[in-house]
Amino acid sequence: MNQAISLAISEEMDRDASVVVFGEDVAVAEGPFKTSEGLLAKFGPERVRDTPISETAFLGAAVGAAMTGLRPVAEIMFIEFMGVAFDQMVTEAALMHYLSGGRYEVPMVMRASVGSGLGFGCQHSQTLERWMLGTPGLKLAVASGARTAYGLTKAAIRDNNPVVILEPRTLYGQRENVDIGDESIIPLGTAEVVRAGTDVTVVALGQTVSVALEAADSASWSGEVIDLLSLMPWDRSTVLESVRRTGHLVIVEENQRSGGWGTEIASVVANEAFGVLRAPIHRITAPDVPVPYGPELEKRFLPSAAYVQEQVSSLLSTKKSPSSWWEELV
Amino acid sequence: MNQAISLAISEEMDRDASVVVFGEDVAVAEGPFKTSEGLLAKFGPERVRDTPISETAFLGAAVGAAMTGLRPVAEIMFIEFMGVAFDQMVTEAALMHYLSGGRYEVPMVMRASVGSGLGFGCQHSQTLERWMLGTPGLKLAVASGARTAYGLTKAAIRDNNPVVILEPRTLYGQRENVDIGDESIIPLGTAEVVRAGTDVTVVALGQTVSVALEAADSASWSGEVIDLLSLMPWDRSTVLESVRRTGHLVIVEENQRSGGWGTEIASVVANEAFGVLRAPIHRITAPDVPVPYGPELEKRFLPSAAYVQEQVSSLLSTKKSPSSWWEELV
Amino acid sequence: MSDTASPEVPQSTQRRHEVNQSPIARLERMIEIRLVEDRIQDLFAQGLVSGTTHTSQGQEAVAVGLAAATRATDFVCCTYRGHGHALALGMPPAVVLGEVLGRQIGCMGGVGGSMHLSDPDVGLLPTFAIVGAGTPVAVGAALQFATKKTDGVALSVFGDGATNIGAFHEGLNLAAVWNLPVVFVCENNLYGEYSPLESTTAVTDIADRAASYAMASEIVDGQDVDAVQASIARAVARARSGGGPTLVEAKTYRYVGHSRSDKAPYRKDGELEQWLARDPIELFAGQLLASGELNPDALDAMRHRQLQLIDEAQERVLASPTAAIPRMFENILSPSHS
Amino acid sequence: MSDTASPEVPQSTQRRHEVNQSPIARLERMIEIRLVEDRIQDLFAQGLVSGTTHTSQGQEAVAVGLAAATRATDFVCCTYRGHGHALALGMPPAVVLGEVLGRQIGCMGGVGGSMHLSDPDVGLLPTFAIVGAGTPVAVGAALQFATKKTDGVALSVFGDGATNIGAFHEGLNLAAVWNLPVVFVCENNLYGEYSPLESTTAVTDIADRAASYAMASEIVDGQDVDAVQASIARAVARARSGGGPTLVEAKTYRYVGHSRSDKAPYRKDGELEQWLARDPIELFAGQLLASGELNPDALDAMRHRQLQLIDEAQERVLASPTAAIPRMFENILSPSHS
Ligand SMILES: Cc1ncc(C[n+]2csc(CCOP(=O)(O)OP(=O)(O)O)c2C)c(N)n1
Ligand SMILES: Cc1ncc(C[n+]2csc(CCOP(=O)(O)OP(=O)(O)O)c2C)c(N)n1
Ligand SMILES: [Mg+2]
Ligand SMILES: [Mg+2]
């Protein structure tokens, strides 16, 4: 996936001289996760820059550069670091178009690595979509592999709004054939049905897409798996259309249960598909705990394919939300 | 309400010498919203301090002070300013107890004024509960008037965890008789049924509590109004118990529709009360726009009592979610 | 999707150039700013506006000096205390007043309010309501000039109190490391809200903080418009020629409270009087009178003209409807892409 | 609710005092740190640990010098590169290693990992994984001492790269304005991750940044444990006696990459060799040998003893179970109140 990201950025830099890249160690070192490989060599130190450890400064600089004529792609190494620069994302970048009465545009991309699975501990392993949900003026998408990372990154760079792209860290090393070119651009705000099915709609995002697919592929039930891809805006019609057919919705989230992105989906679908749902909407999430260290615990934090399979089976057979694995523990 | 807050803090400072107060202009000026009246005079400049415009520094200082033996009450003037210090709240304060294996405690309170209605514009008028939802290690409560501000503030100061208290800015000037003393403490995590009713459960928070009450008081339906008071944790049993009786849930939120705190409540209740609900859960919120300036627009942003009354009537008669006022406009 | 251009906008470019052209024009602009700010206070006092506002009486020389030292193609990031800068840079009084009063004639059609003025025609980015937020944004505008190899300059204007926030530090360091064409202008008016400088800030001269970034700095008398112009012009020249950023500290004072509701009880005895004795408008008028560039009658006429223009502007603003409800749904996301 | 005290904890207080007592003990602690860090790298290389780690070989004199200059009742805020400080302050090797390996013997029972060490018995707050975050927290710990009028001191340890983040600036200013007993210790190891200081930082000497806060500062040879101890001791004495904060910059170097996966290709030619030639352990051992306080046999014995102790610690760690699932639900909220 990291190569797909480098390539997407590189192609867009070729296409448009106003695209610039900066972040911590993205230039000389080609990115802590090698997502800017070759960019410095190809485009030079004016367009590809290493920054100090100053997330507020460089996100703010992205805002200013975007408003005045560049198209910056800024990298936040771990999404948690957005915490030290949050104002620039949700209060400045998001509102500058509005605050100029529509006269300034803010075509900037904020990329960040997210997620558990690599033993980075509780301050470097979250997905944190919840921080951004509902922010007027911001778009947000999440890659689920090389192909979608490529397609979303290109769409984000061409968009004239501030766009956040989250990249599941465990997927950087994943290899996948990616068709390149404009046809592979994934419009922001569109979900993809990645597996057709009839019994249940399973909405997943980022790292949980492959989990949901794996669960569905060997299940006794017929699951329609949707890769949501974008959270702001999110593709209501694709989800609702599917739920109307299947009568069941399961949401598979990497985040903690409370306040997770699935609450947004669940509350909308519960409302709009009321009467159509043949069982409660069931959210499969991590428990409300900091992401633990240690491979076994961290693995347990993220819903597994077997667990998803089991939970969905239970939901479909009982028409009741099964309890979560941790309920007997806490 | 501001007097109730000053009083609650003052009483707790009397009770416990480790309680200290700091923030921008909270000492000499007694608070931009007069919520620390008399504190400097009574407790002196060591316990009541003005800070520089350095939210990161003084929230961080609150964390350090709390871990080592003080009980700081830090004031964030407008909740939006949390954006420049977000890391200290959600990543430091919230996790220090966990990160010390339970050996350090972090008894600190972060108070912030929130909400629309005073013509402060889009960067000084939000409630932003959504920023904090789901953060492990953090508690969050919202005052709905002088009495609840008093009761929650005292509970927060005595709690050994980091607690965020949001104070609707329009209510500071509101006067209400408040019984003082320990009996008036409102335990964090408990909601209050502020009006009994049989047809519909109306859950409100902060500034929308009085809106919901006003709507219910002159309605053709019998509304049970719940002041949720705490969002982290929130009082599931009170809400669910009521919904099981009424069969209907309406949530009245000041925030934008997407990602609002009501999504958390709606997704849980839709799941747990599935089959019991006789109509879809209906969220009455502001539209997905920045809080506008100008009294008419700002008034329109916040759901009004008349609008709530109308929406609930429509829900109860049609068993369908009525459309929102802005749907014909966008 | 949106009515992007206010009918007043073309006028701002023209007004932008006036302050570059003559001392008389600069004096007149300072008078205009003073009168507009006074008017805003009056309108609030009359209950014609709700909400809050932050006016800048006493600080006019900084705004006009800055405008005089820069070009319409430069970019400027100001704060919530931005009316003076907006006017200095060319935004017409009716557009400023209109936004403050929530009218359609305002630069945001009235949905933004006093803290949110902007005008792309003269390089004024939306003024920043979060302390410090504009500083890194100005660095980004400067990055744009550097990347495109044009000779533009970005300016970041902020208060003394803002130099205690992280964004200030990060912004200055980044500008220095990347050697960008940006000028940081601190309006040191001795207070941040109700707190005197010394209670919140470990140094007396903000300019001293430039050393942390190996950055050039200057302290200038913020009540002397010529001095401000000259100082900022030096910094701008350094920036345009690739010499990197500068921190300019203008010592100034606000005659009014921090915001609408502040009566400023925290002032030191005699302090206001001392500063009033060095009023930037009186000083400059006195200078021009002394040099013969201006005569008393012309000054009188100027004051009258400005008063009349502002009366007219106010009339137009009050005739302009308040923002219509649909406006709040506009300009949230841009529909376009590259 | 939770098994708060690791069985190792009482030992840390005792170990805390050793480094205060004799140069020999300090040398031995430096050797211990080096060996533990090397061991951690080995265990990662062997695939026995997943995740990441940041070790501190080359910087031992700063950690031990700091511990020697302070008391168990002081508070210390360190970073993700914290193993050395934790050991210097007294945390036993098995507790450090145990946490890094995710074992129950670790200070967090294995749910935290390499970046999150803490030990209230010796005043070590949880190490900070977010760059800069610990600086204001240390200021808060100092505020506690000041408010309670005890003579404790808080210490904030951070890297050169961390001095570019807002929290550094805000923390130092606040400490200066409130004149708090805190010592800021910058471990300037010339790199922040893969970036050399000069590419990210506008000054060469971090100590120069103290002037922005009218703060005392010192630069010290970070490879000389005596010098570090003396310098921090001066700062601590100033703090304890009400003289306010100090910024101490220790010039040092890390021999290893930033984190586990970093081979450090960015080093300048000959740079590593130059620093290896001034290895803090060799320097100090050489000094003690020269003065006769130590003889070669004792040094050998010391190295062997440490190696053996660490082998033993490793054995105990590997015998300790990995964190059990229920542990991840503990210590999230405290059940208590005042
Ligand atoms: C991050 C943040 N904290 C606090 C505030 C509230 N606030 C608005 S203006 C102000 C004082 C700013 O003082 P200074 O920088 O000196 O500018 P001045 O108002 O004097 O022009 C404060 C504290 C804010 N807007 N943003
Ligand atoms: C806010 C934030 N940004 C980025 C990082 C990633 N990061 C971890 S360590 C580090 C380098 C820190 O350099 P320095 O302060 O010099 O300390 P050193 O590692 O050299 O000891 C970076 C960029 C982080 N942890 N937090
Ligand atoms: Mg000021
Ligand atoms: Mg370093």
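Contact of Thr322(C) with chain B is made through the side chain alone, with heavy-atom distances under 4.5 Å. Residue Ala324(C) touches chain B through its backbone alone, counting heavy-atom pairs closer than 4.5 Å. Using a 4.5 Å cut-off between heavy atoms, Ile53(B) contacts chain C through both its backbone and its side chain. With a 4.5 Å cut-off on non-hydrogen atoms, Phe301(B) touches chain C through its backbone and its side chain both. Heavy atoms of Met328(C) lying under 4.5 Å from chain B belong to its backbone as well as its side chain.
Highest contact tally toward chain B, considering only Gly102(C), Gly192(C), Gly112(C), is held by Gly112(C) [criterion: heavy-atom pairs under 4.5 Å]. When the candidates Val289(B), Leu297(B), Thr56(B) are compared by the number of heavy-atom contacts under 4.5 Å with chain C, Leu297(B) comes out ahead.
Shown here is Lys299(B), whose NZ atom has no more than 12 heavy atoms of other residues, nucleotides or ligands within 6.0 Å.
Judged by distance alone, with hydrogens and angles left aside, the side-chain atoms of Ser54(B) form a donor-acceptor pair with the main-chain N or O of Asn164(C) at under 3.5 Å. At distances below 3.5 Å, at least one donor-acceptor pair connects side-chain atoms of Asp25(B) with backbone N or O atoms of Tyr194(C).
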message: Go through it in stages, so that I can follow the logic: the residues are Trp325(B) and Ile325(C), the test is side chain to side chain contact (heavy atoms under 4.5 Å, CB included), and I'd like the CA-CA distance, side-chain angles, deciding distance and then a yes or no.
response: CA-CA 11 Å; Trp325(B) 64 264; Ile325(C) 299 287; 3.7 Å; yes
message: Between Tyr266(C) and Val28(B), does the side chain to side chain contact (heavy atoms under 4.5 Å, CB included) criterion hold? Intermediate values first, please.
response: CA-CA 9 Å; Tyr266(C) 43 78; Val28(B) 178; 5.7 Å; no
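One finds the OH atom of Tyr293(B) at 8.0 Å from the CD atom of Glu99(C) (value rounded to the nearest 0.5 Å). Considering OH of Tyr80(C) and NE2 of His124(B), their distance stands at 9.0 Å, rounded to 0.5 Å. How far OG of Ser199(C) is from CZ of Arg49(B): 12.0 Å, rounded to the nearest 0.5 Å.
When the heavy atoms of residues 84-92 of chain B are compared with those of chain C, the residues falling under 4.5 Å are Val84(B), listed by number.
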